[in-house]
Amino acid sequence: MKLLLKIKNKDYEVDILEKGSNLSIRVGEKSFVFGRGERQAECSRKESAVSFSKEVRAPLSGIVSEIFVKEGEAVEAGEKVAALSAMKMENEIVSESSGKVKKIMVKIGDRAKEGEVLIIFE
Amino acid sequence: MEIERFERLDSTNLKAKELAARGAGAWTVVLAREQEAGYGRKGAEWFSPRGGLYFSTILPNSSIKDLQLLTILASFAVAGAIKELFDLEPLIKLPNDVLLNGRKVCGILTENVVGKGVKSSVIGVGLNTNTELFGEFDRIATSIRKETGEKVDDEKLLHLILERIKGQLESIKK
């Protein structure tokens, strides 16, 4: 649903979208995601390919060279979860949020594309 | 520029990553006279006896899209410095090796920590400056000294490479 709001003589285009149990509200270049009342996240369109609180996404494309966590393990924010090798460069991927690993979506040797989900938290 | 000097380290990249995680600033340099566990990509050994120039530096955080350029820029910086100081024609084997007369003289390994943005970047350079004996690697490796017959001033070369890496990074930010 798209709305046009006028606040202090300035026009704002607001796009409201339901995604499963989440509600996404986009205002201009920014998106606000509200989920089940207990979580909310803010991210810009440009940053949409990076980690979201319930998952860790590949911030860049690369070959999965290491996975540092196991399913069922607790992960702290800032902890490395995987490594991606790209352009003969090693990239340790850290989680931006804490959580318990529900599912690891990739295995060593897989080619992960930018934005692809690597780890899903419970 | 702060240079942390060590007689011997497992790996200058490991030490630089450790320092970066503890908050050390950009352009902190870790220099070792020898590495006991120098490594390249996928943990491949980098032969690091006394006589080579082994250093890593913490880079200022760049954007994720620029990460793929870091190793290439460092390769150009090393090759450019060798060309400036010696009568040699280095060949860059993209993205991370420099060769002299078909033999490897330098390997570069960039290691980043990435989350929502780049948390840290460390670039490690293993350069055979005064190494004379390569043992099992003799057919594939060489040093500047072997090619020129002259002793290399590691300190001068280190500073020139760092200056060139800085210059290259500034050029991509413009």
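Residue numbering restarts at 1 for every chain, and letters A, B, ... go by the order of the sequence lines.
No path of Ile, Leu, Val, Met, Phe, Trp and Tyr side chains, each step under 4.5 Å between heavy atoms, connects A/I120 with A/V94, placing them in separate hydrophobic clusters. No path of Ile, Leu, Val, Met, Phe, Trp and Tyr side chains, each step under 4.5 Å between heavy atoms, connects A/V117 with A/I119, placing them in separate hydrophobic clusters. Follow the hydrophobic side-chain contacts under 4.5 Å out from A/V106 and you reach A/L60 in the same cluster. In the hydrophobic clustering of ILVMFWY residues, with side-chain heavy atoms under 4.5 Å counting as a link, B/V105 and B/F86 come out together. B/L31 and B/M1 fall within the same hydrophobic cluster, defined by Ile, Leu, Val, Met, Phe, Trp and Tyr side-chain heavy atoms under 4.5 Å apart, directly or through other members.
Environment of CZ in A/R111: sparse, with no more than 12 heavy atoms of neighbouring residues, nucleotides or ligands closer than 6.0 Å. By the neighbour-count criterion of 12 heavy atoms within 6.0 Å, atom CG of B/L133 is sparsely surrounded, having that number or fewer from other residues, nucleotides or ligands.
A/M87 has its side chain within reach of B/I72: a pair of non-hydrogen atoms, C-beta onward, lies under 4.5 Å apart. When side chains are defined from C-beta on, B/L67 counts as touching A/N91, because their heavy atoms get closer than 4.5 Å. The closest side-chain heavy-atom distance from B/T110 to A/E90 is not below 4.5 Å.
The OG atom of A/S61 sits 9.0 Å away from the CD atom of B/Q68 when rounded to the nearest 0.5 Å. Atom CE of A/M89 sits about 10.5 Å away from atom CD of B/E111, to the nearest 0.5 Å.
Considering every non-hydrogen atom in both A/P59 and B/G115, the closest pair reads CB-O, 3.7 Å.
Between B/K65 and A/E114 there is no salt bridge, since no side-chain nitrogen of the basic residue lies less than 4.0 Å from a carboxylate oxygen of the acidic one. Between B/K17 and A/E92 there is a salt bridge, since a side-chain N of the basic residue sits under 4.0 Å from a carboxylate O of the acidic one.
For the side chain to side chain contact (heavy atoms under 4.5 Å, CB included) with A/K88, the qualifying choice from B/N96, B/L94, B/I108, B/T71 is B/N96, the only one to do so.
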